[in-house]
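Data block below; observations after.
Atoms considered below: every heavy atom in the structure, side chains included; atoms not considered: hydrogens, waters and symmetry mates. Just so it is clear, the structure is predicted and the values come from calculations on it, not from any experiment. Residue indices begin at 1 and follow the sequence shown.
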Amino acid sequence: MSTDIKRGFTLIELLVVMAIIGTLLTIAVPRYFHSIEKSKEAVLHQNLTLTRQALDKYFGDNSKYPPSLDDLVSKKYLRSLPFDPITESNTTWLIVAPDNIENGAVYDIKSGAQGKALDGSEYKDW
């Protein structure tokens with residue numbers, strides 16, 4: 001008795017597996033990209049908060065705001081310039097000057113990123 005049975009997958013079995021994988025990917029991929037955007041926004045919020053705290057400490061110590069963001073680094077209020085994860089750069093910050101020019105040059109910073117966040121607010125308004 002010779003049993004010469006070829007073992008393998010049929011075309012239908014392969015198509016079913018591919019359909020299941022495709023369905024799982026259509027569910028998982030959008031959630032993955034959404035979580036990446038959400039984490040970038042969280043990092044941006046944290047970088048803005050820490051930089052604003054450093055600006056306040058600088059003002060408390062010197063009675064004026066720094067002439068540039070680089071002064072926060074050179075005087076050890078920050079280890080390095082904060083990174084904007086949305087623009088993927090540390091040179092795109094928008095500088096907000098104080099009302100009185102005698103008080104320095106950097107009162108606040110805002111993100112230079114274009115567009116809106118997941119909550120509908122614009123990055124430049126943070």
Rounded to the nearest 0.5 angstrom, the NZ-CG distance for Lys64 and Asn103 is 9.5 Å
Exercise. Could you state whether Val96 and Leu78 fall into the same hydrophobic cluster, counting links through intermediate Ile, Leu, Val, Met, Phe, Trp or Tyr residues with side-chain heavy atoms under 4.5 angstrom apart?
Key: no
- request: Apply the test side chain to side chain contact (heavy atoms under 4.5 Å, CB included) to residues Ile109 and Leu94: give CA-CA distance (whole Å), side-chain angles for both, the deciding distance (0.1 Å), then the verdict.
  value: CA-CA 6 Å; Ile109 65 168; Leu94 301 176; over 6 Å; no
I want to check something: taking the side chain as every heavy atom from C-beta on, are Thr10 and Glu13 in contact at a cut-off of under 4.5 Å?
yes
Does Asp84 form a side chain to side chain contact (heavy atoms under 4.5 Å, CB included) with Asn90? I'd like the steps, not just the answer. CA-CA 6 Å; Asp84 187 339; Asn90 62 357; over 6 Å; no
Would the number of heavy atoms belonging to other residues, nucleotides or ligands and lying under 6.0 Å from CG of Asp119 be above 12? yes
Rounded to the nearest 0.5 Å, the NZ atom of Lys40 sits from the CD atom of Glu37 at a distance of 5.5 Å
Donor-acceptor side-chain pairing of Ser89 and Thr87 below 3.5 angstrom: no
hydrophobic_cluster_shared for Val43 and Leu69, side chain cutoff 4.5 Å: no
In this structure, CD of Glu102 is separated from CG of Asn100 (nearest 0.5 Å) by 5.0 Å
| query | With a cut-off of 6.0 Å (strictly less than), are more than 12 heavy atoms of other residues, nucleotides or ligands near CD1 of Ile27? | reply | yes
Those residues at least two apart in sequence (or on a different chain) that pass ring pair (Phe, Tyr, Trp, His ring centres under 6.0 Å) with Tyr65 are Phe59, Tyr107
Among side-chain atoms of Trp93 and Ser111, is any donor-acceptor pair under 3.5 angstrom? no
Note to self: For the CG atom on Leu24, are there more than 12 heavy atoms of other groups (residues, nucleotides or ligands in this structure) within a distance under 6.0 Å?
What the structure shows: yes
Exercise. Please answer: with hydrophobic residues joined when any side-chain heavy atoms are less than 4.5 Å apart, are Ile95 and Ile101 in the same cluster?
Key: no
In short, Val73 meets Ser80 closest at the heavy-atom pair CG2-C, 3.7 Å
d(Ser74 OG, Asp71 CG) to nearest 0.5 Å is 4.5 Å
### Query
Does the distance from a Lys or Arg side-chain N to an Asp or Glu carboxylate O, for Lys110 and Asp125, drop under 4.0 Å?
no
Between Leu48 and the options Leu50, Thr51, Leu44, the side chain to side chain contact (heavy atoms under 4.5 Å, CB included) test singles out Leu44
Looking at Gln114, I'd like to know if its CD atom is crowded, meaning that more than 12 non-hydrogen atoms belonging to other residues, nucleotides or ligands lie closer than 6.0 Å.
no
Classify the side-chain pair Tyr77/Asp61 by whether it contains a donor and acceptor separated by less than 3.5 Å.
yes
Next on the checklist: With a 4.5 Å cut-off on side-chain heavy atoms, are Leu15 and Leu11 touching?
Outcome noted: yes
Just checking, is any N or O donor in the side chain of Tyr123 or Glu41 under 3.5 Å from an acceptor N or O on the other one?
yes
Shortest non-hydrogen pair, Ala105 vs Pro67, comes out as CB-O, 3.4 Å
